[in-house]
Novice: 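Pasting a structure below so you can have a look.
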Amino acid sequence: QDDAYYQVVQIRWQAIQAYFAGDIDKCVQNIEAALKLAKEKAQVIALSKYSTEARRRDLELSVASINSQQTYIQKG
């Protein structure tokens, strides 16, 4: 993980250097390369955890919405 993080930071630093050197095309290429690498190296655990938390929030919102609709129907 640390090596992948270092690589992403290094590529982003190269993008900053290219930006200040006036080479916008190289800057964009480096930013895109850093993003691609970050996505490739992302830990499955972190993605899985985020996905699980997002699904839980969606489920809680759905339940709250259903409960709200039931209360409205019962009062109506």
Side-chain angles (χ1 to χ4, degrees):
Q1 178 185 0
D2 292 336
D3 184 48
Y5 177 77
Y6 174 77
Q7 289 175 335
V8 170
V9 171
Q10 185 177 20
I11 295 170
R12 290 185 67 193
W13 175 244
Q14 292 169 356
I16 292 169
Q17 291 174 321
Y19 174 82
F20 283 106
D23 191 349
I24 302 302
D25 290 335
K26 186 66 174 175
C27 174
V28 171
Q29 288 173 1
N30 284 330
I31 290 172
E32 290 173 346
L35 177 60
K36 181 180 177 186
L37 180 61
K39 286 180 178 180
E40 289 172 357
K41 300 294 182 177
Q43 292 184 358
V44 173
I45 295 170
L47 294 175
S48 176
K49 180 180 177 186
Y50 171 78
S51 178
T52 301
E53 290 175 2
R55 280 185 267 147
R56 181 185 54 80
R57 281 192 305 268
D58 290 344
L59 191 57
E60 288 174 352
L61 288 172
S62 295
V63 169
S65 177
I66 291 168
N67 288 340
S68 176
Q69 290 172 4
Q70 286 178 340
T71 302
Y72 177 78
I73 291 171
Q74 290 172 354
K75 288 183 179 181

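The model shown is predicted, which means the values in this text are computed figures rather than measured ones.
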Novice: Checking one residue: W13. Which other hydrophobic residues are in its cluster under the side-chain 4.5 Å linking rule?
Specialist: I16, Y19, F20, I24, V28

Novice: For K26, enumerate each residue passing the side-chain contact (heavy atoms from CB on, under 4.5 Å) test, keeping only those at least two apart in sequence or located in another chain.
Specialist: A18, D23, Q29, N30

Novice: Just verifying a value: how many Å separate Q14 CD and C27 SG, rounded to the nearest 0.5 Å?
Specialist: 11.0 Å

Novice: Which residues end up grouped with V8 if you chain together Ile, Leu, Val, Met, Phe, Trp and Tyr wherever their side-chain heavy atoms are less than 4.5 Å apart?
Specialist: I11, L37

